[in-house]
Amino acid sequence: MGFFYKSWFIVSLIFSLLLYSMAHGSKSYDPESLRALFHSHVNETLAKHHHTGHFYNISLPSNFSGMQVSVVRLRSGTLEANGANFSCFHIPPKVISVPYEKRIAIVYDNLGNWSSHYYKVQNHSLVAPVVGFTPYDASNLSNLSNRELTLSMKGDPISISFSDIVIQDKNVTLKCVKFGAGESIEFSNMAEPNLCVTRGPGHFSVVTPSPPQPPEKKGGSSRKWWVVGFVSGFGGLVLLILVGVVIFKLVRKTKLRKMESESEKGVAFDTMWIGRSRIPSASMIRTQPALEHDYVP
């Protein structure tokens, strides 16, 4: 059985490596998973700091260096009367949460140089970082709720200032873009230079049309798929061989057990071990000599 477990472990390891390589080759960045990560770290911060109206910067793991996350807890009455300014967002007065909650927490994030990994716009290029804000129910001072809120504005819209737009051609047309739920994308014109507006939470950036890309050379594409096919085929061959060896060993052991059980049904023999195999063994009894006739001359 030791060989069986070792072989099965090797097969499982190779299969796992193949799955990992396939997943790694088509690696994608999930915005929803990123938001869940932000929510978890924000929750840890607010569990220690209960001050309403204070702006807290959130520490992220080192592998997310370049992103910025912050949070502020507000009373809904204060937000409706005075609005709020944080980072590049300006929320005007006459804004209330929907559904209405006495306290809300607004989580702000700036993805920085990670923006293009998590958000893409077909036939367009990002020329500014992706920034976003999400309001949450903060009625419980020791625990941030998972319930996201939206905002209702009776006056001016929320403005978003992009001060770090990077473009090569000054004559290109800039467009505001909003990334909503379900991978929805909304375009709008810039209200002023470097300024976009919105009437609800989400993630936002500025894009320009991408120049047409030259067609990929057939040689490069075919070579890439040839390498992928070769690696997949070799891995599959190794996996098939190992599975065959395991099956052969199992069949052989099953046959040996069957032979042993059949032999035990016949004449009982002693058994002896040679290596790892048990074989029947008959004891040696010497025949005693006897005279053919009682008469001796």
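For the numbers below, each heavy atom of this structure counts, side chains included, while hydrogens, waters and symmetry mates do not.
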**Q** Would you say the side chains of S139 and E101 form a donor-acceptor pair under 3.5 Å?
**A**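 Indeed, the side chains of S139 and E101 share at least one donor-acceptor pair under 3.5 Å.
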**Q** Quick one: which residue pairs count as a ring pair (Phe, Tyr, Trp, His ring centres under 6.0 Å) with a foot in residues 140-180, not counting sequence neighbours?
**A**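 Applying ring pair (Phe, Tyr, Trp, His ring centres under 6.0 Å) to every pair that reaches into residues 140-180, excluding sequence neighbours, yields Y119-F179.
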**Q** Heavy-atom distance under 4.5 Å between the side chains of I106 and F86, does that happen here?
**A**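 Touching, per the 4.5 Å side-chain cut-off.
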**Q** Check for me, please, whether M153 and L195 land in the same ILVMFWY cluster - side-chain distances under 4.5 Å, paths through other members count.
**A**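 M153 does not cluster with L195.
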**Q** Could you check whether the rings of H117 and W114 sit parallel, tilted or perpendicular, using 30° and 60° as the cut-offs?
**A**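 Tilted, since the angle between the ring planes falls between 30° and 60°.
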**Q** Nearest 0.5 angstrom please: I165 CD1 to L126 CG, how far?
**A**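 Nearest 0.5 Å value for the CD1-CG distance: 11.5 Å.
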**Q** Would a single hydrophobic cluster contain both L74 and L141, if residues Ile, Leu, Val, Met, Phe, Trp and Tyr are joined by side-chain heavy-atom contacts under 4.5 Å?
**A**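 Hydrophobic grouping puts L141 apart from L74.
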**Q** How close do L149 and P201 get, heavy atom to heavy atom, and via which atoms?
**A**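 The answer is O-CG, 4.0 Å.
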**Q** Measure from the side-chain N and O atoms of K48 to the backbone N and O of E44, and report whether any donor-acceptor pair falls under 3.5 Å.
**A**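 Checking the backbone N and O of E44 against the side chain of K48, no donor-acceptor pair under 3.5 Å is found.
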**Q** Which distance, rounded to the nearest 0.5 Å, do you find between the CG of L111 and the CZ of F64?
**A**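 Going from CG on L111 over to CZ on F64, the span is 10.5 Å.
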**Q** Is there a side-chain contact between T150 and P135 in this structure, where contact means two heavy atoms from C-beta onward sitting under 4.5 Å apart?
**A**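 T150 does not reach P135 side chain to side chain.
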**Q** Quiz question: by atom type and distance under 3.5 Å, do the side chains of S125 and S210 form a donor-acceptor pair?
**A**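 S125 vs S210: donor-acceptor pair found between side chains.
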**Q** Would you name the heavy atoms of D137 and S145 that are closest together and state the gap between them?
**A**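 Minimum heavy-atom contact is O-CB, 3.2 Å.
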**Q** List the residues meeting side chain to side chain donor-acceptor pair (under 3.5 Å) with K178, not counting sequence neighbours, and say none if there are none.
**A**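 If we apply the side chain to side chain donor-acceptor pair (under 3.5 Å) test to K178, skipping adjacent residues, there are no hits.
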**Q** With no hydrogens and no angle check, is any side-chain donor or acceptor of S142 less than 3.5 Å from a backbone partner on A47?
**A**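 Judged by distance alone, no pair lies under 3.5 Å.
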**Q** Using a 3.5 Å distance criterion without hydrogens, assess whether the side chain of T45 forms a donor-acceptor pair with backbone atoms of H41.
**A**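 Flag set: sc T45 to bb H41 pair under 3.5 Å.
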**Q** Determine whether H124 and F187 satisfy the following criterion, side-chain contact (heavy atoms from CB on, under 4.5 Å), listing intermediate values before the conclusion.
**A** CA-CA 11 Å; H124 290 76; F187 292 97; 4.1 Å; yes
**Q** To the nearest 0.5 Å, what is the distance between CD1 on I96 and OH on Y100?
**A**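 I96 atom CD1 to Y100 atom OH measures 8.0 Å (nearest 0.5 Å).
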**Q** Can you give me the closest heavy-atom contact between K120 and I185, atom names plus distance?
**A**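 Here K120 and I185 meet closest at O-CD1, 3.8 Å.
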**Q** Do the side chains of V131 and V197 join up, straight or via other hydrophobic residues, at under 4.5 Å, putting them in one cluster?
**A**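 Per the 4.5 Å side-chain linkage, V131 and V197 are not co-clustered.
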**Q** State the CG-NE2 distance between D156 and H90, to the nearest 0.5 angstrom.
**A**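 Interatomic distance, D156 CG to H90 NE2, rounded to 0.5 Å: 7.5 Å.
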**Q** Are F55 and I158 grouped together when hydrophobic residues (ILVMFWY) are joined by side-chain heavy atoms under 4.5 angstrom apart?
**A**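 Linked, F55 and I158 end up in one cluster.
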**Q** Using the side chain to side chain contact (heavy atoms under 4.5 Å, CB included) definition, which of the options V177, V127, I160 pairs with V206?
**A**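 That would be V127; it is the only one of V177, V127, I160 passing the side chain to side chain contact (heavy atoms under 4.5 Å, CB included) with V206.
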**Q** With rounding to the nearest 0.5 angstrom, report the OG1 to CD1 distance, T254 to I247.
**A**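 Here the interatomic distance stands at 11.5 Å.
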**Q** One pair to check against side-chain contact (heavy atoms from CB on, under 4.5 Å): Y136 and H39. What are the steps and the verdict?
**A** CA-CA 10 Å; Y136 290 93; H39 183 277; 3.6 Å; yes
**Q** Is there a side-chain contact (heavy atoms from CB on, under 4.5 Å) between K175 and N189 once you walk through the steps?
**A** CA-CA 5 Å; K175 286 283 187 179; N189 296 324; 2.5 Å; yes
**Q** Determine whether S76 and S97 make a side-chain contact, defined as any pair of heavy atoms from C-beta on separated by less than 4.5 Å.
**A**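 In short, these two side chains touch, coming nearer than 4.5 Å.
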**Q** Testing the basics here: between R199 and G155, what is the closest heavy-atom pair and its distance to 0.1 Å?
**A**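 Taking R199 first and G155 second, the nearest heavy atoms are NH2-O, 3.2 Å.
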**Q** Show, in sequence, the C-alpha distance, side-chain angles and deciding distance for L79 and I91, and conclude whether the side-chain contact (heavy atoms from CB on, under 4.5 Å) test is met.
**A** CA-CA 8 Å; L79 179 64; I91 301 178; 4.1 Å; yes
**Q** So, S87 versus Y108: side-chain donor-acceptor pair below 3.5 Å or not?
**A**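 S87 vs Y108: donor-acceptor pair found between side chains.
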**Q** I need the minimum non-hydrogen distance between G202 and F204, along with the two atoms involved.
**A**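 Closest pair (atom of G202, atom of F204, distance): O-CE1, 3.3 Å.
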**Q** Can you list the steps and then say if H203 with Y118 is a ring-ring contact (aromatic ring centres under 6.0 Å, His included)?
**A** CA-CA 11 Å; H203 283 78; Y118 286 93; 9.8 Å; no
**Q** Measuring from D109:CG to L60:CG, what's the distance to the nearest 0.5 Å?
**A**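 CG of L60 is found 9.5 Å from CG of D109.
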**Q** Output yes when a side-chain donor or acceptor of S115 lies under 3.5 Å from a complementary backbone atom of V130, and no otherwise.
**A**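 Yes, because the side chain of S115 sits within donor-acceptor range (under 3.5 Å) of the backbone of V130.
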**Q** Taking 4.0 angstrom as the limit, do E148 and R35 come out as a salt bridge?
**A**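 Salt bridge present between E148 and R35.
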**Q** If every non-hydrogen atom of V107 is compared with every non-hydrogen atom of V69, which pair is closest and at what distance?
**A**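 Taking every non-hydrogen atom into account, CG1-CG1, 4.1 Å.
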**Q** Say whether, by atom type as modelled, one donor and one acceptor occur between the side chain of N43 and the main chain of L144 under 3.5 angstrom.
**A**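 Between the backbone of L144 and the side chain of N43 there is a qualifying donor-acceptor contact (under 3.5 Å).
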